[in-house]
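Right, one structure below, let's go through it.
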Amino acid sequence: MPELPEVEIAARNLRRWTRGQTVERVETDPKARYVFRPSSPAAFAKAIAGARFGEIRRIGKQLLLSLERDDAPLGVLAHLGMTGKWLRRAEEDPETRFSRARFHLDDGAVLHFDDLRLFGRLRVLPGARFDEVPEVAALGPDPLERGIDVAALAAALARSRLPVKLRIMDQALLPGVGNIQASEALFRARVDPRRKGPSLSPREVKAVADGVLASVNEAIAREEGPEITYVEEPGAENPFRVYGREGEKCPRCRKAAIRRVVQAQRSTFFCPRCQR
DNA sequence: ACCCGTGTTCGCTG
DNA sequence: TCAGCGAACACGGG
């Protein structure tokens with residue numbers, strides 16, 4: 001379920017899992033060409049084998065892995081897409097079902113890049129020049145790392161008549177905010193997701209910024225348990241206030257039913273009574 | 001069978 | 001010129 005919180009958890013896990021580690025070998029799924037493009041699965045594996053992990057950064061939903069091999073810097077840009085996840089397994093554990101890349105580390109652990117739908121990306125960069133990658137250069141300041149510039153948010157909202165839900169999902173504005181966090185943030189801000197950007201008052205813009213941070217931070221706190229395993233909880237309860245809760249009673253007013261509308265081909269959930 | 005999907009990119013359009 | 005839109009990418013699950 002990768003939006004900013006899940007990618008942040010992945011970054012924290014990967015830092016612990018890779019600290020001081022060297023990649024002894026890499027196995028890749030030859031069918032997963034899409035994940036490794038414009039390279040190939042085999043070329044990716046060859047490029048990474050023997051490299052030592054260094055710093056790991058996250059900007060929005062992008063993970064920036066720095067490595068070094070033969071004293072030369074090397075980068076991997078990793079994106080989880082819709083269904084990607086990083087898992088740590090023992091050497092003797094069975095392969096995960098949708099494992100697309102396996103990094104065998106010198107401590108004996110295996111990091112799996114597991115991705116059912118193949119919208120995830122693993123791209124090798126010659127050197128670690130992340131700033132030169134268009135997808136990274138296009139991102140706004142990370143909300144978690146840099147906070148949210150309310151004046152900049154207000155200006156961006158004022159500039160176009162796009163519904164506020166779509167505007168706050170713009171990765172050039174608030175990188176990391178995805179479909180779930182956008183619904184959740186607007187519920188907290190008590191702002192109707194269909195409102196046009198310019199119609200928001202300064203107070204509402206501030207509430208949206210606060211709503212994004214509160215929702216993201218709560219999700220991180222929820223997912224970062226004492227023992228970080230990053231396993232998918234089967235049949236887990238929906239932890240969200242409105243997302244995926246069409247028809248249920250609003251958790252705030254306890255009167256209206258949560259509504260679902262479609263915006264830009266994506267589901268949006270909100271309380272028609274609380275959000276104006 | 002058919003529809004749905006937590007993300008990004010690309011081509012077309014007004 | 002460019003923001004905005006819809007389709008495409010790929011594939012399992014309900």
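Protein chains get the first letters and strands the later ones, always in sequence-line order, with residue 1 at the start of each. The figures that follow rest on heavy atoms only: side chains count, while hydrogens, waters and symmetry mates do not.
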Check: Rounded to whole angstroms, how far apart are CD on A/Q171 and C1' on C/dG4?
Finding: 16 Å
Next item on the list: Could you please name the option among B/dG5, B/dT6, C/dC9 that lies closest to any side-chain atom of A/S267?
Entry: B/dG5
Notebook entry, point to check: So which nucleotide from C/dG12, B/dT9, B/dG5 ends up closest to the side chain of A/R97?
Noted result: C/dG12
Note to self: Taking only the P atom of each, what is the distance from B/dC4 to C/dG6 in whole angstrom?
What the structure shows: 15 Å
Notebook entry, point to check: Does the side chain of A/R16 come within less than 4.5 Å of A/R12's, by heavy atoms?
Noted result: no
Note to self: Does A/R123 reach a base, just sugar-phosphate, or nothing at all? Heavy atoms under 4.0 Å.
What the structure shows: nothing
Check: Rounded to the nearest Å, what distance is computed from the CG atom of residue A/D170 to the P atom of nucleotide C/dA3?
Finding: 10 Å
Margin query: Rounding to an integer number of angstrom, what distance separates B/dT6 and C/dG4 when you compare their C1' atoms?
Written below: 22 Å
Margin query: Can you tell me which nucleotide in C/dG12, C/dC5, B/dG5 comes closest to the side chain of A/L162?
Written below: C/dC5
Next item on the list: Could you check how far CG of A/L116 sits from P of B/dG7, rounded to whole Å?
Entry: 15 Å
Note to self: Does a side-chain N or O of A/T83 approach OP1 or OP2 of B/dG5 to a distance below 4.0 Å, or not?
What the structure shows: no
Note to self: Can you measure A/L118 atom CG to B/dT8 atom C1' for me and round it to whole angstrom units?
What the structure shows: 14 Å
Check: Any idea which heavy atoms bring A/S215 and A/Q181 closest together, and the distance?
Finding: OG-OE1, 2.5 Å
Check: Is it true that the NZ or CZ of A/R121 lies under 6.0 Å from the centre of A/Y34's six-membered ring and within 45 degrees of the ring axis?
Finding: yes
Next item on the list: Of all the heavy-atom pairs spanning A/D114 and A/R97, show the shortest one and how long it is.
Entry: OD2-N, 4.1 Å
Notebook entry, point to check: Looking at A/E248, A/E218, A/E184, which one forms a salt bridge (charged side-chain N to carboxylate O under 4.0 Å, His left out) with A/R241?
Noted result: A/E218
Note to self: For C/dA10 and A/R33 - does any side-chain N or O of the residue sit under 4.0 Å from the phosphate oxygens OP1/OP2?
What the structure shows: no
Next item on the list: For nucleotides C/dG13 and B/dT8, find the distance between their C1' atoms and express it as a whole number of Å.
Entry: 22 Å
Checklist line | Spacing of A/K196 atom NZ relative to C/dA3 atom P, expressed in whole Å | finding: 17 Å
Checklist line | Candidates A/D115, A/L63, A/N13 - the one meeting side-chain contact (heavy atoms from CB on, under 4.5 Å) with A/W86 | finding: A/L63
Next item on the list: Could you check how far CZ of A/R121 sits from C1' of B/dC10, rounded to whole Å?
Entry: 12 Å
Item checked: Nearest-neighbour nucleotide for the A/E135 side chain, B/dG5, B/dT9, C/dC9 considered -> B/dT9
Margin query: Tell me whether the side-chain N/O atoms of A/Q265 come closer than 4.0 Å to OP1 or OP2 in C/dA7.
Written below: yes
Margin query: Which nucleotide, if any, forms a Watson-Crick or G-U wobble pair with C/dA10, using both distances under 3.5 Å?
Written below: none
Notebook entry, point to check: Under 4.0 Å between a side-chain N or O of A/R266 and OP1 or OP2 of B/dT6?
Noted result: yes
Item checked: Any A/H79 side-chain nitrogen or oxygen under 4.0 Å from OP1 or OP2 of B/dT8 -> yes
Check: With a centroid cutoff of 5.5 Å and a plane-angle limit of 30°, would you call A/Y34 stacked on C/dC9?
Finding: no
Notebook entry, point to check: Donor-acceptor pair under 3.5 Å: do we get one between A/R117's side chain and the base of B/dG5?
Noted result: yes
Margin query: Give me the distance, rounded to whole Å, that separates B/dC3 from C/dA7 when you measure between the P atoms they each carry.
Written below: 14 Å
Next item on the list: Please report, rounded to the nearest Å, how far the C1' atom of C/dA3 is from the CE atom of A/M169.
Entry: 17 Å
Item checked: Nearest-Å distance for atom pair CZ/C1', residues A/F36 and C/dC9 -> 16 Å
